[in-house]
Amino acid sequence: MADTKREIERKYELPVRPAGGDEGSLPAGGRALLPDLTKVRAVSAVTARGVTELDAVYHDTSDLRLTADSLTLRRRTGGADEGWHLKFPVGDGVRDEIQAPLSDTLPDELAALVRSRVRGTRLIPVVRLRTSRATSLLVDKAGRTLAEVALDTVHAERLPAGSGAGARTADWTEIEVELADDGDPALLDAVEKVLRKAGVRPASAASKLARALAETAPPTTSHKAAKTPERAPVTAGDHVLAYLREQAGAIVSYDAAVRRDLPDSVHQLRVATRRMRSAFRTYKKVLDRDASRPIGAELQWLAGELGVDRDQEVLAERLTERVGAHDTTLLLGPVHARLRIWDAEGRTDARAGTLAVLDSARYLRLLDSMEALLADPPLLDGAGRKPAKALPRAIVKDYERLAGRVEHALTLAPGEERDLALHDARKAAKRARYAADAAVPALGKPAKRFSKRMKAVQSVLGDHQDSVVARDALRDLAIKAHAAGESAFTWGLLYGEEEARAADRERELPRVWRKSADPKLRAALGRL
């Protein structure tokens, strides 16, 4: 079973590797290389914990896909946490480490977390690091651990399977300072100040693996672990492709977040699929629709499959909030218990379905297709035009499409037909908003203001649609409660409140729409 640990740490490098000792071992008196860290406020003592021998083999694809995304995957022996470790970047100096027990082969749960990046490519050993780690604890007056300081003497070996050449090695000594759980990050700043005064500098490499790859790269090849920076977008095609690559990257990244069941991850993955599909349709004069249409269809399938999980999450939050807003005198029967059971059953089924989709061959083929399209994009003549000419025209077309749907919905009488028409308008509002978002880097404030107005329309229509869905769920809950001999009063009360909320949104829409349909805004966008 995998466990997750959040690391907040900083790395430092020493000017030269200390002399003495065997290859890969800590030199005698190595701890003396550390400055006096009791000078750090709040640190009362530095307690030596001894030396540990660590042996780690890092795995990646032959083209270093994990390293390019700042992920590290290793199998390490030695130390209290020996086993398989997969690290995801969270922020500067912050990583989530997923740990699994030691085994000869990569555990399935870790393999799943890298599948969106690796797909059918084989993972191979690329680097072996043997480290002698002298550990000390920084403790306060009460004896509580504030941070762990490790003086690491590292011997790195490039493995033939990962280099295409004979083994190359590198050696260095570095310092790691890792904050204790629930520690104050300000402590790291204070420690760094003392280290800098002693001549110790922050490490130039983000990780041991990155340094090992750089220092053991064959001399006839360049190290390509880092992604090659994209040139600044110039043409309309440049901007559209940059946006599409951003969405493709988000899909790949949020895959692992969904598997880890992180908050809002399903929603963000679904949004990325919709944004990408929307861009294909909006900017059809930039990118050939004959090539993008099949991928768009698969993105629609993926968003639909993810929708089951996401809709359950949103609906459960909405109903829980509505129940919690009422005095207990209006909660007749086991309302909370029935809602929890309904939510648990729905989420279990929805999550199982989501994971099955992410493990499917169809999904992996979609990722391959996206990558292939963006590697060799089928650009049309419109791709070479100036962004200020090509992009506003596409946005205005999406706006006109939305206008037609809103105006049609407002002519209908309240009821099921109007609900469906408003839902169609909501989808059109999303498309217009996404179109503007894609153009913000090129068009600036006019596109940003336009996106904000479209979001306002989308929010009103979204709340209306959520009310429609909630009423269906409340009716089902009332039926189940009645069948079980429970009072259905509370569910009926909530149903009526949702009806009133939907009516409020319908009355609000004309005002929000008039503001969003400001002709001055459209003119500003059109003048670009």
Side-chain angles (χ1 to χ4, degrees), residues 232-248 250 271-289 291-293 295-296 299-300 303 373-374 377-410 422-462 509 512-528:
V234 176
T235 65
D238 291 339
H239 283 280
V240 171
L241 288 175
Y243 181 78
L244 289 172
R245 291 190 178 105
E246 180 183 346
Q247 304 318 312
V271 166
T273 65
R274 286 178 161 174
R275 284 181 177 273
M276 192 171 197
R277 178 170 173 256
S278 179
F280 285 153
R281 300 166 71 184
T282 296
Y283 296 108
K284 58 188 176 183
K285 292 189 177 181
V286 171
L287 207 63
D288 188 355
R289 284 288 286 144
S292 67
R293 187 177 289 107
I295 297 176
L299 288 169
Q300 183 179 23
L373 180 80
L374 295 175
L379 298 176
L380 301 176
D381 291 343
R385 295 175 183 166
K386 293 181 180 180
K389 295 295 183 183
L391 303 185
R393 293 174 183 172
I395 296 171
V396 169
K397 282 188 176 181
D398 276 352
Y399 169 81
E400 290 172 346
R401 179 171 172 269
L402 167 62
R405 292 193 178 187
V406 171
E407 290 161 8
H408 169 66
L410 292 176
L422 290 171
H423 184 43
D424 285 342
R426 177 196 184 191
K427 291 187 285 186
K430 281 186 179 181
R431 178 167 161 179
R433 175 190 166 195
Y434 294 162
D437 288 344
V440 166
L443 306 183
K445 289 183 179 180
K448 188 176 293 187
R449 287 197 299 270
F450 186 84
S451 173
K452 185 177 180 180
R453 298 287 180 86
M454 295 302 101
K455 184 178 181 180
V457 176
Q458 178 190 331
S459 295
V460 171
L461 293 171
L509 178 60
V512 175
W513 175 244
R514 283 193 301 271
K515 185 176 180 181
S516 300
D518 184 352
K520 293 182 180 179
L521 184 65
R522 289 185 61 199
L525 193 62
R527 282 197 300 269
L528 292 174

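Not measured: the values here are computed from a predicted model.
- For the pair Asp424 and Lys427, the salt-bridge criterion is met [side-chain N within less than 4.0 Å of a carboxylate O].
- Taking the six-membered ring for Trp and thresholds of 30 and 60 degrees, Tyr399 and Phe450 have ring planes more than 60 degrees apart, a perpendicular arrangement.
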How far apart are the C-alpha atoms of Asp398 and Met454, what are their side-chain angles, what is the distance that settles it, and do they pass the side chain to side chain contact (heavy atoms under 4.5 Å, CB included) test? CA-CA 11 Å; Asp398 276 352; Met454 295 302 101; over 6 Å; no

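- The CG atom of Leu391 sits 12.5 Å away from the NZ atom of Lys285 when rounded to the nearest 0.5 Å.
- Between Leu509 and Val457, the closest heavy-atom pair is CD1-CG1, 4.5 Å.
- Once rounded to the nearest 0.5 Å, the distance linking CG of Leu374 with CG of Leu287 reads 8.0 Å.
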When you look at Trp513 and Leu461, which way does the side chain to side chain contact (heavy atoms under 4.5 Å, CB included) test go after all the steps? CA-CA 11 Å; Trp513 175 244; Leu461 293 171; over 6 Å; no

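- When side chains are defined from C-beta on, Ile395 counts as touching Leu443, because their heavy atoms get closer than 4.5 Å.
- Between the side chain of Arg385 and the main chain of Ala236, no donor-acceptor pair closer than 3.5 Å is present.
- Using a distance-only test at 3.5 Å, with no hydrogens or angles considered, no donor-acceptor pair links the side chain of Ser451 to the main chain of Ala447.
- A 4.5 Å side-chain heavy-atom check between Pro441 and His239 finds at least one atom pair inside the cut-off.
- Nearest heavy-atom pair, Ala425 versus Leu402, reported as atom, atom and distance to 0.1 Å: O-CD1, 3.4 Å.
- From Arg293, atom CZ reaches atom NZ of Lys284 across 9.0 Å, with rounding to the nearest 0.5 Å.
- With hydrogens and angles disregarded, a donor-acceptor distance shorter than 3.5 Å links the side chain of Tyr283 to the backbone of Ala435.
- The nearest pair of heavy atoms linking Ala388 to Pro392 is O-CG, 3.4 Å.
- Once rounded to the nearest 0.5 Å, the distance linking CD of Gln300 with CZ of Arg274 reads 9.5 Å.
- With hydrogens and angles left out, the side-chain atoms of Arg275 and Gln247 include no donor and acceptor closer than 3.5 Å.
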Worked verdict on Arg289 versus Arg281 for side chain to side chain contact (heavy atoms under 4.5 Å, CB included): CA-CA 7 Å; Arg289 284 288 286 144; Arg281 300 166 71 184; 3.8 Å; yes

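- Looking at every heavy atom in both residues, Val286 comes nearest to Gly237 through CG1-CA, 3.7 Å.
- Nearest heavy atoms, Arg453 versus Lys515: NH1-O, 2.9 Å.
- With rounding to the nearest 0.5 Å, the separation of OH in Tyr434 from CD in Gln458 is 5.5 Å.
- A distance-only check finds no donor-acceptor pair linking the side chain of Thr282 to the backbone of Ala394 [under 3.5 Å].
- The nearest pair of heavy atoms linking Ala428 to Arg405 is CB-CD, 3.8 Å.
- Taking OG1 from Thr235 and CG from Asp238, the interatomic distance works out to 3.0 Å, rounded to the nearest 0.5 Å.
- No side-chain heavy atom of Leu379 sits less than 4.5 Å from a side-chain heavy atom of Val240.
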